[in-house]
Amino acid sequence: MPHDPKPPPAKRFKPGSPFSLANKKPGMLLPKKGNASSQIDVQRKHLPIYQAKSQLIDQLRQLPNAVLIGETGSGKTTQIPQYLYEAGIGRQGIIAVTQPRRVAAISLAGRVAEEKRTQLGKLVGYTVRFEDVTSVETKLKFMTDGMLLREAIGDPMLLRYTVVILDEAHERTVHTDVLFGVVKSAQRKRKEHNKIPLKVIVMSATMDVDLFSQYFNKSPVLYLEGRQHPIQIYYTKQPQSDYLHAALVSIFQIHQEAPLSHDILVFMTGQEEIEALARTCRDIAKHLPETCGPMIVIPLYASLPPAQQLRVFYPAPKGCRKVILSTNIAETSITISGIKYVIDTGMVKAKRYNPDSGLEVLAVQRVSKAQAWQRAGRAGREDSGSCYRLYTEDEFENLANMTVPEIQRCNLAGVILQLLALGVSDVLNFDFMSKPSPESMRMAVEQLDLLGAVEQREDQVFLTPLGKKMACFPLEPRFAKTILISPDFSCSEEILTIVSLLSVDSVLYNPPARRDEVLLVRKKFISSEGDLITLLNIYRAFKKVSGNKEWCRENFVNSRNMSLVGEVRAQLRDICIKLGLKLESSLSELANVRRCLAHGMFPNAAELQPGGTYLALDTHQTVAIHPSSVLFQAKPAYVIFNELLHTSRCYMRDLCLVDPDWLQEAAPEYFRRKIHISKS
DNA sequence: CGTGACGGG
């Protein structure tokens, strides 16, 4: 199977100077894809992977592990599971295919069911959170990697499965990285216990090949040809000090020179930047000579309402240019057809983790080479295209090869808890493909220790009975702990609501243009006891009108996120019932709720200082109340907060007023130490 | 006095 990892030859251009067009001919029309089932077989046979079918089956039959490298469009994800099934490989159990995202798992299952001409949920099914479309007949199961991890807690050897296919492995999400270790150990254990072997197939784009192969006992790497069209890459001649300006200039150069039917996709870093550039583009486009043609500018980022996200898929009116300004959401999650030009600023907003302070910070930084290739690839999905990189070739060469795997950039408390629940005996030496730093491992263990989830004896970490229960919840450890202690305060119903509200995207809708209206309408929910109680009030009011959409609109509440809160809450409540927790409501007695929150979240406590700032008692950082908090003006002596946000300052968000005595009673020794230090 | 890249259970 041929494989050419060499990137296309590079050309240079300078924003603001004329550059030669890569392709003057108008975009070719593609043959329309039919949906009639008679055409499905024809389509399947036209996929590049079909040529290699018998060879692939022979290899996969005998190999316990394989790494499969295939470009987008190779058809590997839909075809390999079917090939295995049709060849009778792994028939004794289920073939699982994991995906980092829900939508991908759901749509792939739909596609494969269609190809097999069966009803979804029979032979082919999917499992994601809140949705299980499988049955006893299901042999090909698409699922999120997080879902398989959850299942592994009850079944560490994954005995229901004969084959696990880890797709999109190059994305290196936390879940995929943990799964690498889980399936590897399941393979070994099954061998030791003389169980049916587990076959593991890692699927990835053209990167990380050696790492994957090494990790899975030097397993062979199979290459699949893709159906990617050639992409011409351009670099700037000089480094650009202002990538936004460079992007603006490049957009209008292409706009002036390329046929209007060619769409442009620009990769940028965040919402604010995108909205600002969109405004500028629209302004400029208005004042261009008529020879240029009109331009439609579409912003794209995750927090955009779904209806507005859909706009990127509508073709622009004839004779109008479509320009999409996007975050990295268009790198993987959303695929837009018809993109002819990609402009890559070379920058991305990404999470960084400081294990010493335990603080996660969002920062604008340079992309990796792998990411730059992923972005460029978005220009060549249906036809040849061009990618304009707003940096020099030298700068490109100096980029990191790979994006640092997320597991090396995040708080590991949840991961460690999950591994312990899986029965991993020596967590500190868990066989990670890319080991997180010892400091961040230690930090996570300390956090779990503080919550009472683990005990440390002779350099070993053990799960406590409380920790075992905590692991049952699909939540951050501190939230699980708060729920588990809530029966002691007779307020589980309220705590379930608050935790659910904090574990989904914000239910508060804050359009900046209607700020005054928002403040006015929100007044009636505000509690002087803080943001968490305010949120509880909003949820109660929402329930009172049974989730009325009109009510949501009037009150600037995001109804979709609010419904999600309900789903999460129901799931958590079920887990509570299975664990035999006594569920009570404290109704109007909200001091109980705050006391419970103080006991569960005491590591996130802060104390007012004479100067009016706060001191985070755990890390002794100086912090401030975020201006969006209902306690912003009040400045109470002691608060707990849900999270720290590091922007212009270090802000606490989602606060709750607490009594210092509650903190003392929650963790006497800890606070004796902390408060002692803070006073000295 | 002023804000959150993207996912997932």
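For clarity, every value in this text was computed on a predicted model and none was experimentally measured. First the proteins, then the strands, lettered A, B, ... as listed; each starts at 1.
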- Query: Can a donor-acceptor pair be found between the side chains of A:R653 and A:S629 at a distance below 3.5 Å?
  - Reply: no

- May I ask you to say what A:R409 touches in the nucleic acid, namely base, sugar-phosphate or nothing, with a heavy-atom cut-off under 4.0 Å? nothing

- Nearest-nucleotide pick for A:Y301, side chain only, options being B:dC1, B:dG9, B:dC6: B:dC6

- Between atom OH in A:Y353 and atom C1' in B:dA5, what is the gap in whole Å? 19 Å

- Determine the sole option in A:E272, A:Q271, A:E273 for which the side-chain hydrogen bond (donor to acceptor under 3.5 Å, both in side chains) test with A:T269 is passed. A:E273

- A:L519 CG to B:dC1 P, in whole Å, measures 17 Å

- How would you label the contact of A:L362 with the nucleic acid (heavy atoms, under 4.0 Å): base, sugar-phosphate, or nothing? base

- Message: Rounding to an integer number of Å, can you tell me how far A:M268 CE sits from B:dC6 C1'?
- Response: 17 Å

- From the list B:dG7, B:dG2, B:dG9, which nucleotide is the closest neighbour of the side chain of A:T144? B:dG9

- Task: Output the single nucleotide from B:dA5, B:dC1, B:dG9 whose closest atom is nearest the side chain of A:Q633.
- Result: B:dC1

- Just checking, is any N or O donor in the side chain of A:T176 or A:T173 under 3.5 Å from an acceptor N or O on the other one? yes

- Task: Specify whether A:F396 and A:Y391 have parallel, tilted or perpendicular ring planes, treating 30° as the upper limit for parallel and 60° as the lower limit for perpendicular.
- Result: parallel

- Rounded to whole angstroms, how far apart are CD on A:E331 and P on B:dG7? 12 Å

- Nearest-Å distance, NE2 (A:H170) to P (B:dG7)? 15 Å

- Task: Among B:dC1, B:dA5, B:dG9, find the nucleotide with the atom closest to the side chain of A:P627.
- Result: B:dC1

- Query: Which nucleotide in the set B:dT3, B:dC6, B:dC1 lies at the smallest distance from any side-chain heavy atom of A:F632?
  - Reply: B:dC1

- Note on the structure: Checking B:dC1, B:dG7, B:dG9 against the side chain of A:E406 (C-beta onward), the nearest is B:dG7

- Message: Less than 4.0 angstrom between a side-chain N/O of A:S333 and OP1 or OP2 of B:dC6, yes or no?
- Response: no

- Message: Rounding to an integer number of Å, can you tell me how far A:Q418 CD sits from B:dG9 C1'?
- Response: 8 Å

- If you look at every strand shown and take non-hydrogen atoms under 4.0 Å, does A:V128 touch a base, only sugar-phosphate, or nothing? sugar-phosphate

- Message: I want to check something: taking the side chain as every heavy atom from C-beta on, are A:M601 and A:T482 in contact at a cut-off of under 4.5 Å?
- Response: yes

- Within the structure shown, what part of the strands sits under 4.0 Å from A:S648 by heavy-atom distance: base, sugar-phosphate, or nothing? sugar-phosphate

- Query: B:dT3, B:dG2, B:dG9: which one has an atom nearest the side-chain heavy atoms of A:R515?
  - Reply: B:dG2

- Message: Need one value for A:R101: base, sugar-phosphate or nothing, where a base atom within 4.0 Å counts as base even if backbone is also close, heavy atoms only.
- Response: sugar-phosphate

- For A:Y651 and for A:R102, find the nucleotide of DNA chain B with the closest heavy atom, then tell me which residue's nucleotide is more 5'. A:Y651

- Looking for any heavy atom pair under 4.0 Å, which part of the strands does A:E272 touch: base, sugar-phosphate only, or nothing? nothing

- Message: Between P on B:dG7 and CD1 on A:I329, what's the gap in Å once rounded to a whole number?
- Response: 4 Å

- Rounded to the nearest angstrom, tell me the gap between atom CD in A:E151 and atom P in B:dG8. 17 Å

- Item | A:S434 versus A:R172, side-chain donor and acceptor atoms under 3.5 Å | yes

- Message: Regarding A:L149, tell me which of base, sugar-phosphate or nothing describes its non-hydrogen contacts under 4.0 Å with the strands shown.
- Response: nothing

